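Following: one structure in C-alpha cells, then a few remarks.
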Amino acid sequence: MVTGQWFYRPEEAEKKGGGSWPLNDTRELFYSFHRDEVPAESVMHKCVVHFVPIHKQIPNRKEHPGFIVQKVYDTVEQKLWKLTDKDYEDNKQHEIDLLVQKTLSRLGDLPDLEFDSTAAVFDQEEQLKAKRILRKKNISPLDVTRNDEGSTRSDQSLKAETPGSCPSNTNEYYTILSKAKVLTGETHRDKWMTRLLQGVQYMCSCPDGLERERDIKSPRTANGSQEKSSNSGKSFTWPDAAVPAITALEKASHDALCSDFQKYNQKLRQLEFNLKNNALLARRLLNGELEPSTILNMSPNELKEGLTAEETAKKEPDESERMQLFYYRESR
C-alpha cells in the first residue's frame with residue numbers, strides 16, 4: 001500500500017448546493033489535503049503538475065505539458081480556496097508555498113496576467129483583506145459560488161483531460177453512441193463511454209475492410225509483442241462491434257460502483273488505460289471471451305496480462321509437472 005495525495009478533476013469535485021465548477025483550462029485540477037492508502041499496483045504512471053498562482057499566466061501547453069492547479073478543494077465543506085489565500089493552517093500553508101515555489105523554480109518566473117484580466121481578482125482580495133486580518137486559523141474556506149453566475153454553457157462543457165490527450169474528435173465518438181441510442185443522459189457516464197470507445201478503436205477495421213490509419217504504433221500486449229486487429233484471429237467492424245461491448249462494460253461498472261462516485265471514476269480510468277494499452281484484453285472484450293463482470297473484478301496485474309488468475313494458473317505447470325521436469329534435468 002502507498003499513501004496517496006488526492007487531486008480532483010473539476011467534474012469529480014462535488015459542489016455544495018450542486019452545480020459545476022467553472023474551468024480556466026482543460027488541464028485544471030484541484031489540489032486537496034485528502035490523503036489515504038491505495039494499493040501500490042494501482043499506480044499507473046508519473047505526471048507533472050504545475051501550481052500556478054491565480055495572478056500568473058498559465059504556462060504554454062506545448063512548452064510545459066502537465067496539469068494545472070490554481071485552487072484547493074475542501075473535501076469536507078465542498079468549496080474552493082485559491083492558492084494565494086493565506087488562511088490555511090501553518091503546516092498546510094507551508095505545503096502550498098513549497099509547491100508553488102517548486103513550480104516557479106522549474107518554469108521560471110511566470111509573467112503576470114494583464115491588469116484587465118486580474119482587476120476583479122485583486123479588487124475582491126482587497127475587499128476581503130481587512131476581514132482576513134481578523135480571521136483565525138481553521139476558518140471556513142472561501143465560497144466561490146458567485147463565480148458560476150458568469151459561466152457560459154461552453155465553460156460547463158469543458159472536461160479535464162490528461163495533458164496531451166484532449167482529442168479534437170471527441171464529438172465523433174459521442175455521435176456514434178448517440179446514433180446507437182446508448183447514451184445515458186448522465187454527463188459523466190457518457191463521457192466515460194466515449195473514452196472507452198476511443199480506447200478500443202485501434203482493434204477495429206472500417207466497414208470496407210481497410211484498417212484505419214494510425215498516428216501511433218499499435219499498443220503492445222502483455223508479452224511485449226505487437227498485435228494488430230488484422231491478425232488477431234477475428235475482425236471487428238467499427239463501430240458495430242465496439243459499441244455493445246464498451247456499453248456493457250460501463251453499465252457493469254456503474255451498477256457496481258454507482259454509490260461511490262470516486263471509485264467509479266477510478267475504475268473507469270483503470271479500464272480505459274488497460275484497454276488502450278493491452279490489445280489482448282481489448283480483443284477478448286470485443287469478441288465476448290471475457291464478460292464485463294469478469295473484467296470488472298480483475299486485479300491490476302490480471303488486466304495487464306489480459307488473463308484471469310485461473311487462466312494464468314492453467315498455463316503454469318503444476319507441482320508434479322515441475323518435479324518431473326526437475327528430475328529430468330537432473331538425470332541429464
Side-chain angles (χ1 to χ4, degrees), residues 26 42 44-47 65 159-180 182-183 189-253 265-296 298-308 311:
T26 55
S42 68
M44 295 181 181
H45 53 78
K46 292 182 180 180
C47 60
K159 300 296 180 184
E161 301 285 348
T162 302
S165 68
C166 299
S168 59
N169 59 345
T170 302
N171 287 338
E172 170 194 342
Y173 306 100
Y174 185 89
T175 301
I176 291 173
L177 294 170
S178 179
K179 289 181 177 179
V182 295
L183 293 173
R189 292 186 64 188
D190 294 340
K191 179 202 74 171
W192 278 117
M193 280 200 287
T194 61
R195 292 174 65 166
L196 289 174
L197 186 62
Q198 183 181 10
V200 300
Q201 185 178 7
Y202 71 94
M203 292 296 299
C204 302
S205 58
C206 297
D208 59 4
L210 297 177
E211 186 178 358
R212 73 181 181 90
E213 295 181 358
R214 297 180 177 85
D215 295 328
I216 58 174
K217 295 180 179 179
S218 299
R220 292 184 177 272
T221 56
N223 62 7
S225 62
Q226 289 188 344
E227 179 177 343
K228 296 184 179 180
S229 59
S230 59
N231 60 9
S232 61
K234 182 176 180 179
S235 177
F236 303 108
T237 303
W238 175 261
D240 298 345
V243 171
I246 65 97
T247 301
L249 183 60
E250 188 283 329
K251 184 180 185 303
S253 303
N265 279 285
Q266 186 177 5
K267 173 56 69 174
L268 267 294
R269 194 171 296 116
Q270 180 190 55
L271 294 175
E272 179 200 18
F273 177 84
N274 282 280
L275 288 170
K276 187 181 295 184
N277 292 279
N278 188 343
L280 175 61
L281 180 68
R283 175 164 58 83
R284 299 188 73 195
L285 169 67
L286 294 176
N287 65 17
E289 195 174 331
L290 285 177
E291 292 292 330
S293 57
T294 301
I295 294 178
L296 189 63
M298 291 171 72
S299 70
N301 282 336
E302 290 174 314
L303 290 172
K304 181 180 178 181
E305 297 295 329
L307 301 169
T308 64
E311 291 170 332

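Just so we're clear, the structure is a prediction, and the values are computed from it rather than from any experiment.
The side-chain hydrogen bond (donor to acceptor under 3.5 Å, both in side chains) check on Gln266 picks up nothing, with sequence neighbours excluded. When the side-chain hydrogen bond (donor to acceptor under 3.5 Å, both in side chains) test is applied to Lys251, the partners found at least two apart in sequence or on another chain are Asp255.
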Checking side chain to side chain contact (heavy atoms under 4.5 Å, CB included) for the pair Gln270/Met44: CA distance, chi angles, key distance, verdict? CA-CA 8 Å; Gln270 180 190 55; Met44 295 181 181; 3.7 Å; yes
Give the C-alpha distance, both sets of side-chain angles, the deciding distance and a yes or no for side chain to side chain contact (heavy atoms under 4.5 Å, CB included) between Trp192 and Arg269. CA-CA 8 Å; Trp192 278 117; Arg269 194 171 296 116; 3.8 Å; yes
List the steps, then state whether side chain to side chain contact (heavy atoms under 4.5 Å, CB included) holds for Leu280 with Arg284. CA-CA 6 Å; Leu280 175 61; Arg284 299 188 73 195; 3.9 Å; yes
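The aromatic rings of His45 and Phe273 sit tilted, their planes meeting at an angle between 30° and 60°.
Using modelled atom types, no side-chain atom of Ser178 and backbone atom of Tyr174 make a donor-acceptor pair closer than 3.5 Å.
Val182 pairs in a side chain to side chain contact (heavy atoms under 4.5 Å, CB included) with only one of the listed residues (Leu197, Leu177, Ile176), which is Leu177. Here the rule is side chain to side chain contact (heavy atoms under 4.5 Å, CB included) with Leu281, and of Leu271, Leu275, Val200, Leu307 only Leu275 fits it.
When every heavy atom of Ala242 is checked against every heavy atom of Leu286, the shortest pair comes out as CA-CD2, 3.8 Å. Tyr202 and Ala282 make their closest contact through OH-CB, 3.7 Å (heavy atoms, listed as atom of the first residue, atom of the second, distance). Minimum heavy-atom separation, Met298 to Lys267: O-NZ, 4.3 Å.
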